[in-house]
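Whatever order the structure lists them in is the order used to number ligands and atoms, beginning at 1.
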Amino acid sequence: MRILTSLLLSLAACTAAERPNILFIFSDDHALQAISAYGGRFKEIAATPNIDRLATQGAVFERSYCANSICGPSRACILTGKHSLINGFVDNNSSKFNGAQPTFPKYLAKAGYETAVIGKWHLVSNPTGFDHWEILPGQGSYYNPDFIQMDGSTKRVEGYVSDIITDKSLAWLKNRKDKNKPFILMAQHKAPHRNWVPAERHYKLFDGMNLPEPETLFDNYANRSDALKKQAMSLAKDFWWENDLLLPGESPDPRFRNGIVNGEFKRMTTSQKASFDQAYGAENQKLIDDLAAGKLTGEEVTRWKYQRYIKNYLRCVRAVDENIGRLLDYLDESGLARNTIVIYSSDQGFYLGEHGWYDKRWMFEESLAMPFLIRWPGVVEPGVRSKALIQNIDYAPTFLEAAGVEIPDDIQGRSLIPVLKNAGVAPADWRKAIYYFYSGEATHEVAAHDGVRSDRYKLFHLTKTGEWQLFDLEKDPQEMKSLHDDPASAEVLADMKRVYQELSAQYKIKTD
Ligand code: CA
């Protein structure tokens, strides 16, 4: 009997030892258009070779979507595996995450995993379910960031935020308390979130280059709801002189907004600020001189803003990519790579000038999409490109199944493991559409809406006006014309409305 018990115990220990580690590398507002594994117009100019390592060695999901395209809500969906109206974190302005509710880190901790989150958290309440956490307050800062500690104190660390989050993640990996335990580490970047201040080593990246513009930079919002015109996220009218464009002092021209200063400049040391001024000074002065001389038309001003914005955004992405390389190198060197699932994702996509916008929120592809790349040696075949419709509510059940933990019935997402084990092909009973919800918080004045997206079609419902918008993503991938009142699309509209009702009911969403 004793021999049998000891045999069973060692078998259990062996199984436990083989449970995979999970390294969840996450960023903020990183659009697919700015990841070379997804292609796009920056594929050659601003490649992301380290993120692309995951694509070469694992799988890329090409139809990966968020359930609510803003920072806090996306994170709450990930932790709980539930839609916003169910997990209670609905928007960034009024919600506070209820840390008493079940989350996947809690289930993993209970199953013997060591759990940690380092970097951006943005859920107002402090993390629960983690053996270790160290988080940025709110949005955090690029330069010399503060980190909230588990004892409630705050520590400022000199340097650049993406490097520091990686330093801390590497230190945690190297100094784990019990290396026999499997782990989950969530290494969560602030970058490339607004207001885009690059690392000093990247200030001159893309200097003198004219980066490609999106075809829809000057979208006039014809053939779609008037709600599209009523946002506050356009490059032409809503970019702040200092906050967004890193220009000095006050704007001398009404085509640039004044009033929000860039807090990063106040955080920089004297030498950091001098280095920034040295790098950006000449280009800033040329703009100021050109504006004073009346040289720039409205379109030229928008183009200038786009170039300044996209270069700083891609410079911030470069630091994220380099730091992902550092983590992957460590997994290789330490031997952990063999039994560690590595995921790269970001809380939602972003407009990189498409439709004339920056920011997110709308259910259009650029901000609805989330990057999702996964490497899992022995399970995910290298080089898989999956077209399965997946969503951030699927991450929690995936992690639970990977760890051998039973998935609770109230989790709304589905484990991706059947898809992962089948070369990215979804099983026959997989979802046919995803559900999306946006509350319409005051920031950026984007109208409240929800909707569904299938393989081919997207249906929006604008909550206040009751308007419908229907897009055929095959014929109109840039979503320039709604077909909701096109008689030839009446059948598709009826089908998509039925899908919308079904998913609203399935997810227990209250629709007024
Ligand atoms: Ca975000």
Side-chain angles (χ1 to χ4, degrees), residues 24-35 38 48 51 64-80 83-84 87 89-97 117-124 127 135-142 145 161-162 165 186-197 231-233 238 243-244 264 309-310 312-314 316-317 319-321 323-324 343-354 357-373 391-393 395 436-446:
F24 181 72
I25 311 173
F26 198 56
S27 65
D28 198 325
D29 295 356
H30 193 178
L32 272 59
Q33 309 92 289
I35 297 175
Y38 281 99
T48 49
I51 296 173
S64 155
Y65 300 103
C66 60
N68 185 347
S69 183
I70 31 176
C71 302
S74 179
R75 288 151 205 268
C77 291
I78 289 170
L79 288 170
T80 60
H83 279 284
S84 300
N87 69 50
F89 200 103
V90 172
D91 66 45
N92 279 334
N93 290 356
S94 63
S95 297
K96 179 177 183 174
F97 187 68
V117 60
I118 294 169
K120 184 167 172 184
W121 174 250
H122 204 213
L123 287 167
V124 188
I135 56 168
L136 301 169
Q139 298 286 8
S141 303
Y142 278 107
V161 70
S162 309
I165 287 168
M186 303 176 82
Q188 308 204 140
H189 289 286
K190 169 196 171 57
H193 192 279
R194 191 184 183 202
N195 40 17
W196 311 273
V197 186
Q231 34 61 39
M233 49 186 267
D238 302 305
N243 183 61
D244 297 318
E264 298 294 335
Y309 161 50
I310 201 64
N312 283 335
Y313 181 94
L314 293 171
C316 291
V317 165
V320 170
D321 187 70
N323 278 293
I324 291 170
I343 286 164
Y344 180 69
S345 181
S346 186
D347 57 356
Q348 78 287 307
F350 214 68
Y351 298 96
L352 303 182
E354 296 88 2
W357 293 334
Y358 65 102
D359 210 72
K360 50 245 181 186
R361 301 165 202 278
W362 290 107
M363 204 189 158
F364 293 108
E365 288 295 279
E366 291 85 355
S367 63
L368 179 65
M370 292 170 80
F372 190 85
L373 301 98
Q391 212 165 9
N392 49 359
I393 54 171
Y395 302 2
Y436 178 82
F437 163 88
Y438 176 68
S439 74
E441 65 178 34
T443 313
H444 293 292
E445 299 167 33
V446 170

N, O or S of Q348 under 3.0 Å from the Ca ion (ligand 1):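 Yes, within the cut-off.
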
Practice task
May I have the angle between D347 OD2 and D29 OD1 with its vertex at the Ca ion (ligand 1), rounded to 10°?
Solution key: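 If I round to 10°, I get 150°.
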
Apex the Ca ion (ligand 1) - arms SG from C71 and OD1 from D28 - angle rounded to 10°: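 Rounded to 10°, it measures 90°.
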
Determine whether the aromatic ring centres of F372 and Y395 lie less than 6.0 Å apart.
->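 Yes - the distance between ring centres of F372 and Y395 falls below the 6.0 Å cut-off.
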
> Going by the angle between their ring planes, with limits at 30° and 60°, are H444 and Y358 parallel, tilted or perpendicular?
Replying inline: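 Ring orientation, 0 to 90° scale: perpendicular.
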
Exercise for review: Report the relative orientation of the aromatic rings in W121 and F97; use parallel for angles under 30°, tilted for 30 to 60°, perpendicular for over 60°.
Suggested key: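 W121 vs F97 ring planes: perpendicular.
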
Notebook entry, point to check: Under 3.5 Å, is there a donor-acceptor pair linking the side chains of S162 and N323?
Noted result: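 No.
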
